[in-house]
Each structure stands twice: as structure tokens, then as C-alpha cells.
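The structure appears below as C-alpha cells.
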Amino acid sequence: MGVVAPPSAAPLLRFDNVSVRFTGARDVLSQTSLAVNVGEFVSLLGPSGCGKSTLLNMTAGTLRPREGSIYFDGKAVTSVNRGVGYVTQEDTMLPWLTLAANVGLPLKMRRVPKDEIRERVMALLNSFGLGPAAGLYPSQLSGGMKKRGLFARALIYKPRLLLMDEPFAALDAQMRTQLQSEFRRVVIETGTAVLFVTHDIEEAALVSDRVIVLGGTPGRVIDEIDINLGAHRDAEALRFDENFRNVCRTLQQSLMRARGDIK
């Protein structure tokens, strides 16, 4: 099947009435429509099993819907989507390569000239405060440094959209808070859009421009909530902000509806 133009002008990513079924007679996701705009940070929030990771995999082109259409950058997604990056909570650093070599690996595989690789790698490492660690190996890096390195590697080839499946889940609370603000700053600077999966209400409020709440059986969009907390956010300061607490309460109520706790 070839690339098919969408019926009308589209945002960077659009799902139109998508349904997915793995086995049995019931869909995992049913009649799901959503969109992500250029440069927008969108989080998917919802209970386990509602289809959040499934949406990421369909965006990446590794999973096809049973019905409905997915458009990325104005074209139908019919195979592996090379316009996206993907980050999970797993450590996928190659232990025999330095930090700089790990980050530059996607460019090396694309046969980018060495001088350009070096320049782009150092610029991105410096953005994450990792410039002095460029020559270190993964065994010499802290957990937070490794995570920053993985983010840098996902951003190095300038994807239009970064898919993130609970990337901070394995970190301690202090490191998680620090990286949430730091990562949001870097993606704003690079203009990268993000589709971010989380179970954490505060995390969704801290990092997102908009939160899409999923729930039900089969999964579907329950709510879409704009997060109006400003572009640049200090996670520590926001925890004492009344607007932030109001946003968290709104997300909590929506998540309760998604779980079926309230109507």
C-alpha cells in the first residue's frame, strides 16, 4: 500500500477513528481520534491497558489499526515511520561505546560526515549539561547522565516527533523532577513535538502542553485538557503554585472518570 494524502490539511500527527484488536472479539482501542501539533508536548494519561503504548506503536508504524487511519506530516502511516524517535524506560546504551559515540550512532548509520556528527553531538550534549562526559563509557555514568544521553541520542537526527513510554519511571523522585523540567526545556529549544505516556498526574501536568486522558474497555479518549502553566517551568516551584494544584485536581477527576470511579 502506498502513501495516501489525507483528506484535509492535518497537524503533525492525526488519528482518525482508529480501532485496534489483538485477539478475541473485543477491541483494545475503539474509534479513537486525536492529534498532535508541530512542536506540541502531549501526554497520554490513563489506567493500565487502555491503549497508551498501543498508540505510540501505531505512530511508529510497527502496529497497524484494524480500522481507521493515521497521518503523520501529511501522509498516511503505512509502514515504519522514520520521522519519529522512540524512548522507553530501558537503558539501551551500548557499553563498548563512549557517550559521544552512543549519541552519534544514529548519524553514523546515516553516513553523516564525521565533522558534522561531532559538532551536532557536542551541541546536544552541552544542552543536557553532558559536554564534559562525552568521552566516558556508560559504566562511568550515573543513572541521570545515562538518561540524558538516551534523550540526546533520540533527538540527534532531529525527528519531528519523539515518542516516550514512561521514560522517567525507573528514576528516583529527585532525579525525575530535575529531568522533567530539563527535558521539556530541550525539546522546546529544538522544536520537537512529543507524545508522552505516563501514569503520573503530576508528571503529566509538569511536562505537557495538553493531556489526553484515555480509559474504558475498549480504550477511547475520555478527555482533553490544556495545561496553561507557561512554556518554561520550574518543577520545584510549581508544586507550591495554586494553578498547578488546580490542574492536578482536574486531571485527577478526569482519570477517575477514565477508571469508572465516577461518572
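Note: Leu136 CG to Asn102 CG = 12.0 Å, rounded to the nearest 0.5 Å. Once rounded to the nearest 0.5 Å, the distance linking CG of Asp27 with CD of Glu67 reads 7.0 Å. The CZ atom of Arg220 lies 14.5 Å from the CG atom of Leu34; values are rounded to the nearest 0.5 Å. We find the CG-CZ distance between Leu105 and Arg110 to be 9.5 Å, quoted to the nearest 0.5 Å. In this structure, CD in Glu166 is found 11.0 Å from CG in Leu44, a value given to the nearest 0.5 Å. Note that the CG atom of Leu206 and the CG atom of Leu238 stand 6.0 Å from one another [nearest 0.5 Å].
At least one side-chain heavy atom of Leu150 sits less than 4.5 Å from a side-chain heavy atom of Met93. Using a 4.5 Å cut-off on side-chain heavy atoms (C-beta onward), Gln140 and Met145 make no contact. A 4.5 Å side-chain heavy-atom check between Ser69 and Asn17 finds every atom pair outside the cut-off. Inter-residue side-chain proximity for Leu107 and Glu116 is flagged as unmet; no heavy-atom pair is nearer than 4.5 Å. Side-chain contact between Tyr86 and Thr62: absent, with no pair of heavy atoms (C-beta onward) separated by less than 4.5 Å. At least one side-chain heavy atom of Leu55 sits under 4.5 Å from a side-chain heavy atom of Leu214. Within the 4.5 Å cutoff, the side chain of Val103 has no heavy atoms near those of the Phe128 side chain.
Transitive grouping of hydrophobic side chains (ILVMFWY, heavy atoms separated by less than 4.5 Å) brings Val20 and Leu195 into a common cluster. No continuous path of hydrophobic side-chain contacts links Val194 to Ile212 [ILVMFWY only; heavy atoms under 4.5 Å]. Residue Leu45 is not grouped with residue Val42 when hydrophobic side chains (ILVMFWY) are merged at heavy-atom distances under 4.5 angstrom, including chains of intermediate members. Under the 4.5 Å side-chain heavy-atom criterion for ILVMFWY residues, a single connected hydrophobic cluster contains both Phe41 and Phe168. Under a hydrophobic-cluster definition in which Ile, Leu, Val, Met, Phe, Trp and Tyr are linked whenever side-chain heavy atoms come within less than 4.5 Å, directly or via other members, Val187 and Leu163 are assigned to different clusters.
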Begin from the C-alpha positions of Val18 and Ile70 and carry the test side chain to side chain contact (heavy atoms under 4.5 Å, CB included) through to its verdict.
CA-CA 8 Å; Val18 167; Ile70 305 163; 4.0 Å; yes
Stepwise, does the side chain to side chain contact (heavy atoms under 4.5 Å, CB included) test hold for Phe151 with Leu130?
CA-CA 11 Å; Phe151 293 158; Leu130 291 173; over 6 Å; no
Give the intermediate values and the outcome of side chain to side chain contact (heavy atoms under 4.5 Å, CB included) for residues Phe22 and Leu63.
CA-CA 10 Å; Phe22 295 133; Leu63 177 67; 3.9 Å; yes
Show your reasoning for whether side chain to side chain contact (heavy atoms under 4.5 Å, CB included) applies to Asp73 and Leu12.
CA-CA 5 Å; Asp73 201 16; Leu12 180 61; 4.2 Å; yes
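Formation of a donor-acceptor pair under 3.5 Å by the Asp234 side chain with backbone atoms of Ala237 is found in this model. Ser181 contributes a side-chain N or O that, together with a main-chain N or O of Ala235, makes up a donor-acceptor pair within less than 3.5 Å.
The heavy-atom pair separating Ser254 from Ile225 by the smallest distance is CB-CD1, 3.9 Å. In plain terms, the two heavy atoms of Leu171 and Lys147 that are nearest each other are CD1-CG, 4.3 Å. Scanning both residues, Val207 and Arg233, for their nearest heavy atoms gives C-NH1, 3.8 Å. Of all non-hydrogen atoms in Trp96 and Tyr137, the two that sit nearest each other are O-CE2, 3.5 Å. Scanning both residues, Arg184 and Ala231, for their nearest heavy atoms gives NE-O, 2.8 Å. Between Gly83 and Phe72, the shortest heavy-atom distance links the atoms O-CZ, 3.6 Å.
More than 12 heavy atoms of other shown residues, nucleotides or ligands fall within 6.0 angstrom of atom CD in Glu224. Residue Arg239 qualifies as enclosed at atom CZ: its count of foreign heavy atoms under 6.0 Å is above 12.
Note on Glu242 versus Arg249: salt bridge recorded, some NZ/NE/NH1/NH2 to OD/OE distance being below 4.0 Å. Taking 4.0 Å as the cut-off between side-chain N and carboxylate O, Glu203 and Arg176 count as a salt-bridged pair.
Considering Leu29, Thr59, Val77, Val221 as possible partners of Phe15, the one that fulfils the side chain to side chain contact (heavy atoms under 4.5 Å, CB included) test is Thr59.
Defined by atom type and a distance below 3.5 Å, a donor-acceptor pair is present between the side-chain atoms of Thr88 and Glu90.
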